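Values below: every heavy atom of this structure, side chains too, minus hydrogens, waters and symmetry copies. All values derive from a computational prediction rather than experimental measurement.
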Amino acid sequence: MLMLAAIAVASKRRQTRAGSADGPWPYDARQVISRPELILHRHLVTALPGHIVLAQVQVSRVLGVRKGFDFHAWNNRINRLSYDFVVCTPDGNVLAAIELDDKSHDAPDRIEADQRKDRATAAAGIPLIRWHVKAIPDPAKIQAQFAGLRPRRVSHDG
């Protein structure tokens, strides 16, 4: 009898940690944008009126795998990567992606992920702008950087 009780308690603990669908779920709200990102977002919106400024966008929502290539193999290279910001024209075409880098980008795994992100974004013909968190540009500098950019037309392939 004692053995059955111990098994039941252990099973209940595993269910709680693993996420039982019946009981309460262990989620809390998280802050989705850091303080420096919030400052940059405000500068982007001020500098680029009429544009759409999206935050924390999955790379796979911006880049698609061209027809004729192994979707899963190529999509896995960008899976779980995100841009800090994506700036679009009013009709939804991508103008540029933006990364706000801090010291975490010096870690070997982040360097490798950033290289994959840079290469994939360049392959799609989308400018990827990197600014350091200690040098967030003001709206005038942002306007100057975006002055010559032209939107990348959206592909409707797969």
Side-chain angles (χ1 to χ4, degrees), residues 16-19 21 24-158:
T16 302
R17 283 192 301 255
W25 289 18
Y27 295 109
D28 285 325
R30 295 180 66 189
Q31 185 172 354
V32 297
I33 191 165
S34 70
R35 177 101 175 110
E37 290 169 337
L38 186 57
I39 292 167
L40 179 55
H41 185 268
R42 288 181 184 142
H43 289 302
L44 288 165
V45 169
T46 299
L48 305 169
H51 288 77
I52 302 166
V53 180
L54 305 171
Q56 303 299 328
V57 180
Q58 293 296 310
V59 172
S60 62
R61 296 290 296 166
V62 178
L63 307 181
V65 178
R66 292 184 192 117
K67 285 187 178 184
F69 291 86
D70 183 336
F71 173 82
H72 294 291
W74 286 100
N75 194 60
N76 282 341
R77 291 182 186 213
I78 61 171
N79 189 28
R80 306 192 110 205
L81 298 177
S82 63
Y83 297 117
D84 290 327
F85 301 99
V86 174
V87 178
C88 301
T89 58
D91 60 356
N93 286 301
V94 176
L95 194 56
I98 299 170
E99 286 292 298
L100 188 58
D101 294 342
D102 58 17
K103 64 182 176 187
S104 71
H105 289 260
D106 296 336
D109 62 326
R110 287 295 295 269
I111 291 170
E112 188 272 330
D114 283 346
Q115 289 171 342
R116 280 186 289 126
K117 190 184 305 184
D118 292 347
R119 190 165 178 189
T121 307
I126 297 171
L128 177 56
I129 300 167
R130 288 187 177 276
W131 288 311
H132 196 275
V133 71
K134 291 183 178 179
I136 295 174
D138 62 26
K141 288 181 182 173
I142 293 170
Q143 284 177 337
Q145 179 115 26
F146 275 77
L149 296 183
R150 298 290 170 252
R152 178 75 170 132
R153 295 290 170 206
V154 175
S155 169
H156 295 286
D157 293 347

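A47 and P139 make their closest contact through CB-O, 3.3 Å (heavy atoms, listed as atom of the first residue, atom of the second, distance). The two residues P49 and T46 make their nearest non-hydrogen contact at CD-O, 3.6 Å. Residues N75 and V65 come closest through the heavy atom pair N-CG2, 3.8 Å. Minimum heavy-atom separation, R35 to Q31: N-NE2, 4.4 Å. A pairwise comparison of heavy atoms in A113 and L81 identifies CB-CD2, 3.8 Å as the closest pair. Across every non-hydrogen atom of H51 and T89, the tightest pair is CD2-CA, 4.2 Å.
Residues passing the side-chain contact (heavy atoms from CB on, under 4.5 Å) test with D109 are A107, sequence neighbours excluded.
Within the 4.5 Å cutoff, side-chain heavy atoms of V53 are placed close to those of F85. In this structure the side chain of V59 reaches within 4.5 angstrom of the side chain of Y83, judged on heavy atoms. In this structure, the side chains of W131 and H43 stay at 4.5 Å or more apart for every pair of heavy atoms. A heavy-atom distance below 4.5 Å is not found between the side chains of L149 and V87.
Partner E37 forms a side-chain contact (heavy atoms from CB on, under 4.5 Å) with one of D84, V32, D102 and no other, that one being D84. Remark: of the listed residues L95, D91, V94, L95 is the sole one forming a side-chain contact (heavy atoms from CB on, under 4.5 Å) with P151.
Atom CZ of R61 is surrounded by 12 or fewer heavy atoms from other residues, nucleotides or ligands within 6.0 Å.
Between W74 and F69, the ring planes lie perpendicular to each other; the angle is over 60°, past the 30° to 60° tilted range.
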I126/L63 under side chain to side chain contact (heavy atoms under 4.5 Å, CB included): CA gap, chis, key distance, verdict: CA-CA 9 Å; I126 297 171; L63 307 181; 3.8 Å; yes
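With rounding to the nearest 0.5 angstrom, the CZ atom of R119 is 14.5 Å from the CG atom of L128. A distance of 11.0 Å separates CD of Q143 from CG of L44, quoted to the nearest 0.5 Å. Note that the CG atom of N93 and the CD1 atom of I52 stand 9.5 Å from one another [nearest 0.5 Å]. Note that CG of L100 and CD1 of I39 are 9.5 Å apart. Values are rounded to the nearest 0.5 Å. Atom-to-atom distance recorded for K134:NZ and D101:CG is 13.0 Å, nearest 0.5 angstrom. A distance of 10.0 Å separates CD1 of I136 from CG of L38, quoted to the nearest 0.5 Å.
A donor-acceptor pair under 3.5 Å is absent between the side-chain atoms of K117 and the main chain of I78, judged by distance alone. Judged purely by atom type and a 3.5 angstrom limit, E99 has no side-chain atom pairing as donor or acceptor with the backbone of R130. Checked by atom type and distance alone, the side chain of R116 pairs as donor or acceptor with a backbone atom of R77 at under 3.5 Å.
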